[in-house]
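Below is one structure, written out as structure tokens; the observations come after it.
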Amino acid sequence: MLKTKKSLGLGAVLVTAGLLITACSSSTDDTATSTSPEPSSSAMESTSPAAGGADLVVWVDSERADALAQPAADYEAKTGVHVEIVGRDNATLKDDFIQQANSGSGPDITMGAHDWLGELTANGVVAPLELGDKADDYLPVALDASTYEGTVYELPYAVENLAVLRNADLVPEAAGDYDDMIAKGEAAGAEYPFVVEQGAEGNPYHLYPFQTSFDAPVFGRDDAGSYDPTQLKLGDGDQFAEWLGEQGKEGNMSTEITGDIAKEKFTSGDAAFWLTGPWNLTAATEAGINVAVDAVPAPGPSAAAPFAGVKGFFVNEYSENKVAANDFLVNYIGTEDVQLALYESGKILPALKAAADTAAADPLVSGFLAAGTDAVPMPAIPAMGQVWQYWGIAEAAILDGADPDSTWTKLTSDVEAAIAG
């Protein structure tokens with residue numbers, strides 16, 4: 001799984017002591033963040049120092065720029081390579097990178113999400129990453145998500161997955177399974193025993209852990225462990241579709257519950273359980289709810305496996321500084337101190353095991369870590385685009401009373417036709 005399509009040749013490139021790495025881009029952005037603080041006394045050691053005067057340009061989500069200032073300064077102090085951290089709008093980051101990667105105005109490194117990989121590799125703009133023996137230092141799901149067609153392309157720094165937030169004042173103990181969750185919520189007298197974001201067009205991301213509990217993943221995997229678009233498993237979801245229809249009839253789920261409504265019901269104390277992600281923890285705790293975080297309870301015969309989204313960093317295939325870029329990511333970003341600094345900036349579980357264990361001293365973070373034990377990476381393959389456009393609409397229709405069997409059969413046929421092109 002960790003083989004690479006081509007080697008970065010670190011040793012060969014660094015034989016010459018006077019090697020000068022030329023920057024892929026010396027351009028700046030109006031939101032560029034200064035990276036000139038004094039390096040800490042515990043600055044991390046680099047395994048491949050380079051001569052002074054070279055540059056690395058790193059595009060990041062603007063909210064993460066401050067967290068990377070010190071690692072950038074430390075790296076320059078140890079290697080002489082100046083790292084310019086450029087804050088960018090996350091909404092346009094991927095498209096801007098694809099458009100500028102080979103133009104001379106793009107960065108050497110960009111921050112991004114793992115499910116960009118299908119598009120990034122199709123456009124030929126990302127280079128393989130050499131993790132070496134440090135690969136085992138990461139959470140398995142983070143490494144899995146960072147690997148595309150057998151090659152590691154991403155240095156992961158954060159993992160997020162769904163879990164169930166429980167109002168512990170209403171329900172003191174976690175539910176054993178889905179039916180037990182509904183029963184506990186009803187016994188607590190909550191107006192809504194359970195809420196989950198749906199809306200008029202559905203939200204299959206939030207329902208996926210329930211679907212996997214009925215042994216109906218979207219795609220199967222090939223021998224290398226990669227998602228295989230020729231193995232569409234969506235059609236195995238007939239039992240899930242029947243169950244989903246029952247939830248709609250019983251009022252346990254509804255397309256009238258949008259994300260905002262689900263949040264309002266839980267934070268006001270009117271809902272006992274809320275299926276959501278770590279991005280909503282702050283809203284719940286600031287509302288004064290006594291929150292506990294539980295794994296998603298299974299309605300079917302198998303464990304509920306939510307999607308995992310992994311955030312990380314990619315090296316520009318067109319960068320002339322791949323050696324320094326790889327070194328900066330693996331030996332600086334891939335350290336406990338830096339991953340914890342990034343965690344503090346976004347409160348998303350670190351991808352590095354040591355940092356995740358430290359962050360999990362917080363019981364809420366520990367809850368998401370435990371809930372992610374069975375999580376699977378959201379597929380990054382291009383065929384996933386043909387799934388999303390039909391999936392939510394079909395699930396919403398079933399919740400609203402459409403025949404589960406025929407609706408799910410049509411969903412599968414529509415996706416198969418779209419993938420076939």
* To do: Determine whether Glu84 and Leu56 make a side-chain contact, defined as any pair of heavy atoms from C-beta on separated by less than 4.5 Å.
  => no
* To do: Could you tell me whether a side-chain N or O of Asn321 sits under 3.5 Å from a main-chain N or O of Ala324, the two making a donor and an acceptor?
  => no
* To do: Specify whether Tyr227 and Phe219 have parallel, tilted or perpendicular ring planes, treating 30° as the upper limit for parallel and 60° as the lower limit for perpendicular.
  => perpendicular
* To do: Kindly determine whether Thr230 and Asp228 satisfy side-chain hydrogen bond (donor to acceptor under 3.5 Å, both in side chains), including the steps that lead there.
  => CA-CA 5 Å; Thr230 68; Asp228 183 354; 2.7 Å; yes
* **For Thr373, side-chain hydrogen bond (donor to acceptor under 3.5 Å, both in side chains) partners two or more places apart** => none
* Among side-chain atoms of Gln100 and Ser105, is any donor-acceptor pair under 3.5 angstrom? -> yes
* To do: To the nearest 0.5 Å, tell me how far Leu143 CG sits from Glu154 CD.
  => 10.0 Å
* Asked: Does a side-chain N-to-carboxylate-O contact under 4.0 Å join Glu317 and Lys322?
  -> yes
* Asked: Between Lys410 and Asp414, does a salt bridge (Lys or Arg N to Asp or Glu O under 4.0 Å) hold up when you go through it step by step?
  -> CA-CA 6 Å; Lys410 185 177 186 304; Asp414 286 342; 2.8 Å; yes
* **Straight-line distance of Glu197 CD to Thr276 OG1, nearest 0.5 Å** => 7.0 Å
* Are a donor atom and an acceptor atom from the side chains of Asp327 and Tyr332 found within less than 3.5 Å of each other? -> no
* **Step-by-step side-chain contact (heavy atoms from CB on, under 4.5 Å) determination, Val81 to Tyr75** => CA-CA 7 Å; Val81 177; Tyr75 191 73; 3.6 Å; yes
* Tell me whether the centres of the aromatic rings in Phe210 and Tyr178 are closer together than 6.0 Å. => yes
* Which word best sums up how the rings of Trp388 and Trp391 line up, parallel for under 30°, tilted for 30 to 60°, or perpendicular for over 60°? -> tilted
* Give the intermediate values and the outcome of salt bridge (Lys or Arg N to Asp or Glu O under 4.0 Å) for residues Asp115 and Lys94. => CA-CA 11 Å; Asp115 57 335; Lys94 180 184 68 173; over 6 Å; no
* To do: Determine, step by step, whether Asp74 and Lys78 satisfy the salt bridge (Lys or Arg N to Asp or Glu O under 4.0 Å) criterion, reporting the C-alpha distance in whole Å, the side-chain angles of both residues, the deciding distance to 0.1 Å, and the verdict.
  => CA-CA 6 Å; Asp74 290 346; Lys78 289 293 180 181; over 6 Å; no
* Can you list the residues that meet the side-chain hydrogen bond (donor to acceptor under 3.5 Å, both in side chains) rule with Thr267, with sequence neighbours excluded? -> none
* To do: Could you grab the distance from atom OG of Ser226 to atom CD of Gln231, nearest 0.5 Å is fine?
  => 11.0 Å
* Asked: Could you state the interatomic distance from OG (Ser62) to CG (Asn90), rounded to the nearest 0.5 Å?
  -> 8.5 Å
* Pair Tyr208-Met378, side-chain contact (heavy atoms from CB on, under 4.5 Å): steps then yes or no -> CA-CA 10 Å; Tyr208 193 64; Met378 188 185 304; over 6 Å; no
* Say you draw a straight line from CG of Asn326 to CG of Asn331; how long is it, rounded to the nearest 0.5 Å? -> 8.0 Å
* Compute the centroid of each ring, for Phe314 and then for Tyr153, and state whether the two points are separated by less than 6.0 Å. => no
* **From CD1 (Ile257) to CG (Asn203), nearest 0.5 Å** => 13.0 Å
* Name the orientation class of the two ring planes belonging to Tyr205 and Trp279 (parallel below 30°, tilted from 30 to 60°, perpendicular beyond 60°). => tilted
Report all side-chain donor-acceptor pairs from residues 284-302 shorter than 3.5 Å, counting only partners two or more places apart or in another chain.
{"residue": "Thr285", "atom": "OG1", "partner": "Leu281", "partner atom": "O", "Å": "3.2"}
{"residue": "Thr285", "atom": "OG1", "partner": "Thr282", "partner atom": "O", "Å": "3.2"}
{"residue": "Asn290", "atom": "ND2", "partner": "Asp169", "partner atom": "OD1", "Å": "3.0"}
{"residue": "Asp294", "atom": "OD1", "partner": "Arg166", "partner atom": "NH2", "Å": "3.2"}
{"residue": "Asp294", "atom": "OD2", "partner": "Arg166", "partner atom": "NE", "Å": "2.7"}
{"residue": "Ser302", "atom": "OG", "partner": "Asp215", "partner atom": "OD1", "Å": "2.5"}
{"residue": "Ser302", "atom": "OG", "partner": "Asp215", "partner atom": "OD2", "Å": "3.3"}

* Are Asp96 and Arg88 within salt-bridge range, i.e. N to O under 4.0 Å? -> yes
* Asked: Please walk me through it: do Lys265 and Glu191 pass side-chain contact (heavy atoms from CB on, under 4.5 Å)?
  -> CA-CA 9 Å; Lys265 294 303 179 184; Glu191 178 184 359; 4.2 Å; yes
* To do: Check whether the side chains of Asp95 and Thr92 place a donor and an acceptor atom closer than 3.5 Å, and report yes or no.
  => no
* In sequence, state the C-alpha distance, the side-chain angles, and the governing distance for Asp270 and Ser268, and then conclude on side-chain hydrogen bond (donor to acceptor under 3.5 Å, both in side chains). => CA-CA 6 Å; Asp270 292 330; Ser268 66; 3.0 Å; yes
* For Phe240 and Trp408, run ring pair (Phe, Tyr, Trp, His ring centres under 6.0 Å): C-alpha distance rounded to whole Å, both residues' side-chain angles, the deciding distance at 0.1 Å, then the answer. => CA-CA 9 Å; Phe240 165 70; Trp408 202 261; 5.6 Å; yes
* List the steps and the verdict of side-chain contact (heavy atoms from CB on, under 4.5 Å) for Asn102 and Val125. => CA-CA 7 Å; Asn102 66 347; Val125 294; 5.9 Å; no
* Go through the steps to decide whether Ser345 and Glu63 satisfy the test side-chain hydrogen bond (donor to acceptor under 3.5 Å, both in side chains), and finish with yes or no. => CA-CA 7 Å; Ser345 72; Glu63 295 180 358; over 6 Å; no
